[in-house]
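Residue numbering restarts at 1 for every chain, and letters A, B, ... go by the order of the sequence lines. Note that this is a predicted model, so its numbers are computed, not measured.
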There are 2 protein chains.
Amino acid sequence: MSAAKTARERVRAEMVREITDIARTHLARDGAAGLSLRAIAREMGMASSAIHRYFPTKDDLLTALIIDGYNALGDAAEASQRDQDPTGRWLALCHAVRDFALGRPHEYALLYGSPVPGYRAPADTVGPALRTTLVCGRIIADAGPTPPDPTPPPALLAPDVEALRQVMPGVSDVAVTRAVTAWTALFGAVSFELFGQFDNTITHRREFFDHGMRSLARYLGL
Amino acid sequence: MSAAKTARERVRAEMVREITDIARTHLARDGAAGLSLRAIAREMGMASSAIHRYFPTKDDLLTALIIDGYNALGDAAEASQRDQDPTGRWLALCHAVRDFALGRPHEYALLYGSPVPGYRAPADTVGPALRTTLVCGRIIADAGPTPPDPTPPPALLAPDVEALRQVMPGVSDVAVTRAVTAWTALFGAVSFELFGQFDNTITHRREFFDHGMRSLARYLGL
DNA sequence: CGCTCGTCAAGAGCACTGCTCTCTTTTCTG
DNA sequence: CAGAAAAGAGAGCAGTGCTCTTGACGAGCG
């Protein structure tokens, strides 16, 4: 009964798909703020008011695009995990994230840039968003023990570390916090490159990124 | 001859100041996309068209706000450098950046978040933007030699490293690339916290950040 | 002093936007 | 087949950035 929907429901799903497809095209061309429901409706040959039947609000459309974006990045991140060497897996993940960001910059900005003002991410986005994080967690968990750190995390952070350990079971406190730092460093590097902070400074972007991520792999004890 | 401007020029400068002040208020309340030239003009009791005499375009207003923002962050970064211990200076810088971001989130987003679509930063912004980076460079340069890294940067990166050494004279190749990685990690951590990636995950944000930055200090060999 | 010219403010107007409301048409269902 | 539900269309509201034209004001020059 899942595939045998009524004709109405099938055409509705098709409309939703067409709307998001066109929206993605416009997003890639003009960025998030350039998204216009009226322009999408125009391109589809329908009245501007009719599009609100499918996405009551522009935020709803953005949410759909964000979920799709997280899933696309999650797909890429998971697909990158073919190697068995932890360092190789980490590097593959890093480059998967970077390639996604460079290939679909506006979509990446939607996910990891400043949130669109007035927009509050609903709960539906956290699941897809977690997929990429889980890939990282698995790498850390599979890599085994990490060299001891001279200053372990303070006791105050114990509950947070415990919660984070859910995505990387069996990992030491030190490795958990280092993983978070490396994780933020990865997205910091990608965002800096994408948002122009490296303009007029770093020319060999890919090599620089690769070198930095290798350095972080050692920092992680991989 | 710098202070003794004509009366017209003085009132003009005052108008520009008032516009940017009101704009900053609106920015803090509604974010960058919520900025409205008409709303600012309304609050000043002037016609919406008159504001274009001072800022021909919305982008020009944004540029002014961005330059002010970089300078405010640069002030905070420089003011944080009282300590003599390299690790202390690094931590002070990190917390200065984080405090700025938490205190003026929309302004931080303007500087380090996704660029406003269609907006291209003019050259006037790179000078103020560099101030904060220079603080970091001085810390690294003052700290002295770094422990050797098993894998130095590839030869291809030599020119980039050389260019980066301008902001941290006398620093080894390894330390230069590590500094960039730590630098991106700092802003990655701040952006993740500010843009909600740590929601429902990390509760003791300040302590977690502090611990991560301390770990990066050791990574930097401070 | 008078006159011109640059600056500034104001108003109307254009082309957009998101969103709502009403009305009609189409489609599914009991 | 008739009624209900869903979808489309159009008009309209309030808002936006930006332009153009029209007047007023003041500073500098002959």
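Along DNA chain C, read 5' to 3', the first and last nucleotides having any atom under 4.0 Å from a heavy atom of chain A are C:dT17 to C:dT29. On the nucleic acid side, DNA chain D has its first and last nucleotide under 4.0 Å of a heavy atom of chain A at D:dA5 to D:dG12, going 5' to 3'.
Among residues two or more places apart in sequence or in another chain, the side-chain contact (heavy atoms from CB on, under 4.5 Å) test is passed with A:S36 by A:R38, A:A39. With sequence neighbours left out, B:Y219 forms a ring-ring contact (aromatic ring centres under 6.0 Å, His included) with A:Y219. With sequence neighbours excluded, the residues satisfying ring-ring contact (aromatic ring centres under 6.0 Å, His included) with A:Y70 are A:Y112. Qualifying side-chain contact (heavy atoms from CB on, under 4.5 Å) partners for B:A101, counting only residues two or more places apart in sequence or in other chains: B:Y108, B:V190, B:L194. For A:F55, there are no ring-ring contact (aromatic ring centres under 6.0 Å, His included) partners two or more places apart in sequence or in a different chain. With sequence neighbours left out, A:H204 forms a ring-ring contact (aromatic ring centres under 6.0 Å, His included) with no residue at all. Under the rule for a side-chain hydrogen bond (donor to acceptor under 3.5 Å, both in side chains), the partners of A:Q81 that lie at least two apart in sequence or sit in another chain are A:R89.
Counting any heavy atom pair closer than 4.0 Å across all strands shown, A:L35 reaches sugar-phosphate atoms only and no base atom. B:Y54 comes within 4.0 angstrom of sugar-phosphate atoms only, judged by non-hydrogen atoms across all strands, and of no base.
With salt bridges taken as basic N to acidic carboxylate O contacts below 4.0 Å, one links A:R165 and A:E162.
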Cut-off 3.5 Å, no hydrogens considered: what does the side-chain donor-acceptor table look like for residues 15-24 of chain A, sequence neighbours left out?
residue, atom, partner, partner atom, Å
A:R17, NH1, A:D21, OD2, 3.3
A:R17, NH2, A:D21, OD2, 3.4
A:T20, OG1, A:V16, O, 3.0
A:T20, OG1, A:R17, O, 2.9
A:D21, OD1, A:R24, NH2, 3.3
A:R24, NH1, A:D68, OD2, 3.4

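Of the residues in residues 38-53 of chain B, those lying under 4.0 Å from DNA chain C by heavy-atom distance are B:R38, B:M46, B:A47, B:S49, B:A50, B:R53.
When each of B:P56 and A:R12 is assigned the nucleotide of DNA chain D with its nearest heavy atom, A:R12 is the one assigned upstream, toward the 5' end.
Residue pairs meeting the salt bridge (Lys or Arg N to Asp or Glu O under 4.0 Å) criterion with at least one member in residues 126-137 of chain B, sequence neighbours excluded, are B:D75-B:R131, B:E78-B:R131.
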